[in-house]
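If you're wondering where the values come from, they're calculated on a predicted model, not measured in any experiment. Order of the sequence lines fixes the chain letters, A, B, ..., with proteins taken first and strands second; residue numbering starts at 1 for each chain.
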Amino acid sequence: MRYWLMKSEPSDVSIDDLAAMPEQSVAWYGVRNYQARNFMRDQMQPGDKVLFYHSSCAEPGIAGLAEVSTPAYPDATQFDPENKYFDAKATAETPRWFNVDVKLVKKTRLMPLSEIRGYPELAGMRILQKGNRLSITPVDPAEYRFIVKHL
DNA sequence: GCCAACGTTGGC
DNA sequence: GCCAACGTTGGC
């Protein structure tokens, strides 16, 4: 079992949006970065634990706990010419982009990025490293446990 | 809106 | 394969 931090823009899918979804589950569509795709496609397993992170918003931070609920499968948005995530080079036979489904475990208080920064125990987290832009990053089990304990 | 950092693209 | 130009991310 692995641990992940997954960024979502709340203007797109917030923790409350996730809570309102059927089955409280959502396809993690729209990832167009190979490293992040590879994490989903090659490493994620149903049951992996997820920190649901709000990015590009007034109060960036961890907003809840979630779980990977499906293996990776081709991201439907790559095939839809009307969709902003359309990829002309992707075909049904050779899809380029994949996503898993993510299911809410529980909404928590918001742990702001500024607070995360303040814990020496979390100093190694990828999202705190300069220039990090990856929308999906692995999280250390100890870091995950520390965060859950402090939520 | 600014801007640093990084990934991708494409000409050569 | 190099690398400049360009686009995107995301905190502030």
- Item | A/K106 with A/E67: basic N within carboxylate O range, under 4.0 Å | no
- Message: Does either side chain, that of A/D48 or that of A/Y3, offer a donor lying less than 3.5 Å from an acceptor on the other one?
- Response: no
- Just how far, in rounded Å, is P of C/dG11 from CZ of A/R126? 15 Å
- Write down the distance between CD1 (A/I116) and C1' (C/dC12), rounded to a whole number of angstrom. 16 Å
- Any idea how A/H150 and A/Y119 line up, ring-wise: parallel (<30°), tilted (30 to 60°), or perpendicular (>60°)? tilted
- Query: Is the A/F52 to A/W28 ring centre distance short of 6.0 Å?
  - Reply: yes
- Message: Any salt bridge linking A/D75 with A/R32? Criterion: basic side-chain nitrogen under 4.0 Å from a carboxylate oxygen.
- Response: yes
- Task: Please report the shortest heavy-atom distance between A/R96 and A/Y34, naming the atom on each side.
- Result: NH1-OH, 3.4 Å
- side-chain hydrogen bond (donor to acceptor under 3.5 Å, both in side chains) between A/D17 and A/S14, worked out: CA-CA 5 Å; A/D17 294 332; A/S14 70; 3.2 Å; yes
- Query: Which stems does DNA chain B form, counting runs of 3 or more consecutive Watson-Crick or G-U wobble pairs with both distances under 3.5 Å?
  - Reply: B:1-12 with C:1-12
- Reading 5' to 3' through nucleotides 3-10 of chain B, protein heavy-atom contacts under 4.0 Å coded B for base, S for sugar-phosphate only, - for none: --BBSS--
- Between P of C/dG11 and CD1 of A/I62, the distance in whole Å: 12 Å
- Describe, in one word, how the ring planes of A/F39 and A/W4 are oriented to each other, choosing from parallel (under 30°), tilted (30 to 60°) and perpendicular (over 60°). tilted
